[in-house]
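Have a look at the structure below, then the notes.
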Amino acid sequence: MRLATWNVNSIKVRLPQLLDWLRATSPDVVCLQELKTEEPKFPRTELEAAGYACAVNGQKTYNGVAILSHTPPVDVVADIPGFADEQKRVIAATVDGVRVVCAYCPNGQAVGSEKYQYKLRWFAALRDYLAAELQMHPRLAVAGDFNVAPEDRDVHDPKAWEGQVLVSAPERDAWRALLALGLKDSFRLFEQPEKIYSWWDYRMLGFRRNAGLRIDHVLLSARLAQACTASTIDKAPRKLERPSDHAPVLAEFGAGA
DNA sequence: ATGGCTACGATCCGTAGA
């Protein structure tokens, strides 16, 4: 199974690129974030024609997540159960016996802001949710835009970013609380080149300068981590005209999963 | 020089992203 996550920053604008990328890459499961559209306007027909069933949790203008899969997703659950939240940031489904949680974690805007407090509350709720999911599903993958660069090596200029939102100590603590559940960062299961990122600012020639952050991740339960054979970031879509500011992240599992 | 871009929904600017 090949699983991917991609923050597309508007499904409407990025649909042609997504369809091209699905044809070129043929992932079995794709987690999408920042659809920025309501479910009725989600391009279900086009994606079904491309061979993907869709589970969608949409919202006008902001947020919005979906799971696409060759095998239709079952036991679909939207949002974090028991956590009151207007924002559509989570959808979960089971595909081929793998429980997939697609997450668009809050940005946090600025350390200490109202949105930052919300981000930390949200991560606490996610941790509790994933702890319960792990009890039920030994084969669990959590894929999405986490809006946290876990370590300094995930940051192009750690000195400039020190203490800022996306890298601050409380955010990294929230990330490590997910790892403490037994989840593994798929990308770090393997030797990787240096300076690999998943997001580059549209401004300041961010991509050309490789001034990026690694904030999009695939977390795996122990069982899936054992069976994981590769995890990569595909920079190709970021090079296109009118790209998303995020690149897709992939994780692949062997038959032993 | 702390901006610079992109998307959205309402205009011809404000909000948000990260």
Side-chain angles (χ1 to χ4, degrees), chain A residues 5-18 21 31-43 56-66 85-90 102-123 126 143-175 187 195-217 233 235 237-249:
Chain A
T5 179
W6 192 7
N7 179 326
V8 290
N9 186 17
S10 169
I11 187 66
K12 183 184 163 197
V13 173
R14 229 64 63 193
L15 181 62
Q17 292 183 15
L18 175 61
W21 187 77
C31 296
L32 300 177
Q33 301 86 38
E34 283 210 87
L35 304 177
K36 298 188 174 182
T37 194
E38 293 165 296
E39 194 276 339
K41 291 185 175 173
F42 183 85
V56 181
N57 188 17
Q59 179 183 341
K60 193 175 173 181
T61 311
Y62 303 114
N63 310 309
V65 288
D85 190 0
E86 300 290 299
Q87 304 184 27
K88 301 303 189 186
R89 297 183 172 278
V90 177
C102 170
Y104 174 46
C105 307
N107 166 282
Q109 196 173 53
V111 173
S113 68
E114 189 61 46
K115 287 175 183 173
Y116 183 80
Q117 299 305 327
Y118 163 69
K119 181 176 190 174
L120 297 179
R121 283 200 311 278
W122 192 96
F123 263 93
L126 179 69
D145 176 358
F146 286 78
N147 271 315
V148 177
E151 300 176 49
D152 279 354
R153 62 179 166 162
D154 301 312
V155 180
H156 70 95
D157 186 346
K159 204 147 211 174
W161 278 87
E162 190 175 1
Q164 300 296 307
V165 74
L166 312 183
V167 311
S168 75
E171 289 166 272
R172 285 177 167 176
D173 288 346
W175 166 263
F187 188 76
K195 303 184 191 329
I196 300 293
Y197 310 118
S198 69
W199 169 86
W200 301 262
D201 202 314
Y202 282 128
R203 300 167 295 182
M204 301 174 282
L205 304 172
F207 186 66
R208 257 173 53 180
R209 295 190 295 122
N210 196 29
L213 304 176
R214 194 176 69 91
I215 56 177
D216 300 87
H217 309 294
I233 298 176
K235 284 175 77 167
R238 189 64 176 80
K239 298 172 183 169
L240 300 171
E241 288 281 323
R242 214 179 175 191
S244 168
D245 43 358
H246 295 254
V249 182

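Every chain is numbered from 1 and lettered A, B, ... according to where its sequence line falls, protein lines coming before strand lines.
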Atom pair distance, as rounded to whole Å: [atom1] in [X] and [atom2] in [N]:
{"X": "A:R209", "N": "B:dG4", "atom1": "CZ", "atom2": "P", "result": "14 Å"}
{"X": "A:L240", "N": "B:dC5", "atom1": "CG", "atom2": "P", "result": "20 Å"}
{"X": "A:E241", "N": "B:dC5", "atom1": "CD", "atom2": "P", "result": "15 Å"}
{"X": "A:L15", "N": "B:dA7", "atom1": "CG", "atom2": "P", "result": "14 Å"}
{"X": "A:D245", "N": "B:dA7", "atom1": "CG", "atom2": "P", "result": "9 Å"}
{"X": "A:Q33", "N": "B:dG17", "atom1": "CD", "atom2": "C1'", "result": "14 Å"}
{"X": "A:W199", "N": "B:dC5", "atom1": "CH2", "atom2": "C1'", "result": "11 Å"}
{"X": "A:N63", "N": "B:dA7", "atom1": "CG", "atom2": "C1'", "result": "13 Å"}

Selected nucleotide, minimal atom distance to [X] side chain, candidates [options]:
{"X": "A:R242", "options": "B:dA10, B:dG17, B:dA7", "value": "B:dA7"}
{"X": "A:T61", "options": "B:dG9, B:dA7, B:dG17", "value": "B:dG9"}
{"X": "A:S10", "options": "B:dA7, B:dA16, B:dG17", "value": "B:dA7"}

Hey, can you tell me if A:F146 and A:H217 have their rings parallel, tilted or perpendicular (30° and 60° cut-offs)? tilted

Under 30°, 30 to 60°, or over 60°: which ring-plane class applies to A:H156 and A:W161, parallel, tilted or perpendicular? perpendicular

Most 5' of A:M204 and A:K36 on DNA chain B, judged by nearest nucleotide: A:M204

More 5' along DNA chain B: A:Y202 or A:Q109, using each one's nearest nucleotide? A:Y202

Using a 4.0 Å heavy-atom cut-off across all strands, classify [X] as base, sugar-phosphate, or nothing.
{"X": "A:Q164", "answer": "nothing"}
{"X": "A:Y104", "answer": "sugar-phosphate"}
{"X": "A:N7", "answer": "sugar-phosphate"}
{"X": "A:I215", "answer": "sugar-phosphate"}
{"X": "A:D201", "answer": "nothing"}

Do the side-chain N or O atoms of [X] get closer than 4.0 angstrom to the phosphate oxygens (OP1, OP2) of [N]?
{"X": "A:R203", "N": "B:dT2", "result": "no"}
{"X": "A:K115", "N": "B:dA16", "result": "yes"}
{"X": "A:K12", "N": "B:dC8", "result": "no"}

Got a donor-acceptor contact below 3.5 angstrom from the A:E34 side chain to the A:Y104 backbone? no

SB check A:R172 A:D152 (cutoff 4.0 Å): yes

Considering only the [atom1] atoms, how many Å lie between [N] and [M], rounded to the nearest integer?
{"N": "B:dA16", "M": "B:dA10", "atom1": "P", "result": "15 Å"}
{"N": "B:dC13", "M": "B:dT2", "atom1": "P", "result": "23 Å"}
{"N": "B:dT15", "M": "B:dT11", "atom1": "C1'", "result": "14 Å"}
{"N": "B:dA1", "M": "B:dA7", "atom1": "P", "result": "32 Å"}

Test item: A:Q109 and A:V165 side chains (from C-beta on) under 4.5 Å apart, heavy atoms: no

Carefully, step by step, assess A:H246 and A:I215 under the rule side-chain contact (heavy atoms from CB on, under 4.5 Å). CA-CA 9 Å; A:H246 295 254; A:I215 56 177; 3.8 Å; yes

